[in-house]
Number of protein chains: 2
Amino acid sequence: MGEFDLIARYFARPGPPGRSVALGVGDDCALLQPAPGMQLAVSSDMLVEGRHFFADVYPAHLGHKALAVNLSDLAACGARPLAFTLALALPRVDEVWLQGFAEGLLALADEHGCALVGGDTTQGPLNLCITVFGEVAPGQALLRSGARPGDDIWVSGTPGEARLALDALRGQLHAAPEVLAALRQRLERPTPRVALGRRLAGLASSAIDVSDGLLGDLSHILSASRAGARIDVDAAADLLAASACLSGAGGCFDHHLLMRCALAGGDDYELAFTAPPARREAVCQAGRDSGTSVTRIGAVEAAPGLRLVDGAGQPVQGRFPSFDHFA
Amino acid sequence: MGEFDLIARYFARPGPPGRSVALGVGDDCALLQPAPGMQLAVSSDMLVEGRHFFADVYPAHLGHKALAVNLSDLAACGARPLAFTLALALPRVDEVWLQGFAEGLLALADEHGCALVGGDTTQGPLNLCITVFGEVAPGQALLRSGARPGDDIWVSGTPGEARLALDALRGQLHAAPEVLAALRQRLERPTPRVALGRRLAGLASSAIDVSDGLLGDLSHILSASRAGARIDVDAAADLLAASACLSGAGGCFDHHLLMRCALAGGDDYELAFTAPPARREAVCQAGRDSGTSVTRIGAVEAAPGLRLVDGAGQPVQGRFPSFDHFA
């Protein structure tokens, strides 16, 4: 099967290309027609075998995740997904793999009304690069730079689940089969918080998606906002201990392990965000409306640096380095 | 050096992010603000070592080429470049390589007023994925589907030079050092025909950029336009024989070799396009205004299929398969 058959067979869809898409797959360029006056939010992520996923991952899960990590960037910006391009380097044409990959990818795309509008395929070591496009009203995009001293610090979902799964898959942690199965879903099929992100646009003062570890990603908000923060590390660990994935057995895990996974696990694709205390009820409502749990884990402060405290407000020592692709 | 330092050091630019760019590198998403009513043209290309370039290519040439092949897609669409994202998998952080790569990339970007607005870096086998954005007025984009029987078929520049360079570098062809140096520039530093493409918008009836071979890419126009064509293969070979790269010695090369390189060489990044005969003078003027040579090499016909003829109009036998990344 050649390059053009491959695109047509697995990735071309019948029907109109989608909302705001004037021309989809099949020409030199796709043509997008953004709604008048709207801004276009753009993000690219590249996934490499052995670095971002195991070689034996289910292809459908990989298709899901490749798009999910990009949609997560739109979520962190408060944008509405419109379309994406896919560039794919494959060692060989494996039809079973392609079929599964396309199914996982396009199922998530359909869920978000996000049309595949173009891309590229080539022979090479397995590599997936997606660029995603969303729209957001001018001035409404959530940026990293808007946090102000006194703002609450919030996180969606349960950071740390993906890292627990990774440790268990690597044999560094024992988990019962049903627990591992549930955790593995969080690692391989993360839920991009698009619905929450759109509700936070104009409400939160800053946001970022948690991909390299909660503290590390929060530090990007603090650095862009020229501020510091106090983080309740017990709150983060307790959140993970109560994870539904752990089937009520979260208390059996070592508290420090849970703390490390929650604060520096990575691959969470949750949103970390800030908002003034006066908007607490509105933030909780945004969580309820989007079916996403939101938890306060700290506060922005004027003094630079991250201050880790326990549930009683006492300082905690500890380093939680975030993930660096070249470290 | 970590991932974030790498982006800041080599790829972040001082000053405003650029025309139509509301927010550049450094947040979860970039924000583009297209001019009211304009369409956004989008294209992605992925380049893999050993497949699209040699491991020992000058990094500055590679940076140039990675963006050039994407700008070439905008050119084929008649769009004005605005911005691009870069996703980069690197085996290791090699500062000399990165410096050179960024220089070549950003020099071409500046030439076209095309701002780097975001992307991704990761550790992995060398892979470059660029997604480029341009703007074009609704209804003005050059598509593959607009060719009509009777239209002239044109090509820009001199297809085949890049393939002569490749054959010479592989030792399959002898070329004098100065000839090889000139040809190699065409292979490694192709000129995207953006200025010509923009002038052809609203003038040509269809266009495509020649990346996989002239006849193969033309066949995409014919298939999308449900038409056939007659191509003067001597005209294409004579064009290559007269290439300035060959320093007047083009006549010393085998005519059939030149024909094969011109018709099926690949990596040309020239434009193949069609236009009604009544617009010949306007097409020539577009070529002059953009400093790009344009040559008529055939005509669109109603009967499907490609008919190859010699300079006297007599049928020529020959197969010229185009490049397929999985063949």
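Here is the naming used below: chain letters follow the sequence lines, and residue numbers restart at 1 for every chain.
Side-chain contact between B:Met46 and A:Asn127 is present, with heavy atoms from C-beta onward closer than 4.5 Å. Within the 4.5 Å cutoff, the side chain of B:Cys129 has no heavy atoms near those of the A:Thr131 side chain. B:Leu32 places none of its side-chain heavy atoms less than 4.5 Å from the side chain of A:Gln39. The shortest distance between side-chain heavy atoms of A:Val42 and B:Thr85 falls below 4.5 Å.
Each of A:Ala224, A:Ser72, A:Ser43, A:Ala30 has some count of heavy-atom pairs under 4.5 Å with chain B, and the biggest count is that of A:Ala30. Here B:Gly26 is the residue among B:Ala79, B:Ala22, B:Pro36, B:Gly26 with the most heavy-atom pairs under 4.5 Å with chain A.
Between A:Thr122 and B:His52, the shortest heavy-atom contact is OG1-CE1, 3.0 Å. Nearest approach of B:Gln33 to A:Pro138, heavy atoms of both residues: OE1-CG, 3.8 Å. Contact record, A:Gly124 with B:Val48: CA-CG1, 4.0 Å, taken as the closest heavy-atom pair.
In this structure, B:Leu142 CG and A:Asp27 CG are separated by 9.0 Å, a value rounded to the nearest 0.5 Å. Atom CG of A:Leu23 and atom CZ of B:Arg144 lie 10.0 Å apart (nearest 0.5 Å).
Looking at B:Ala207, the atoms closer than 4.5 Å to chain A (heavy atoms on both sides) all sit in the backbone: N, CA, C or O. Contact annotation for B:Val136: only side-chain heavy atoms (C-beta onward) come within less than 4.5 Å of a heavy atom of chain A. For a residue to count as touching a neighbouring chain, one of its non-hydrogen atoms must lie under 4.5 Å from one of that chain's; by this rule A:Ala41 touches chain B with backbone and side chain alike. Of the two parts of A:Leu74, the backbone and the side chain both hold a non-hydrogen atom closer than 4.5 Å to a non-hydrogen atom of chain B.
A donor-acceptor pair is defined here as one N or O able to donate and one able to accept, closer than 3.5 Å; no such pair exists between the side chain of A:Asp28 and the backbone of B:Ala76. Formation of a donor-acceptor pair under 3.5 Å by the A:Asp73 side chain with backbone atoms of B:Cys29 is not found in this model.
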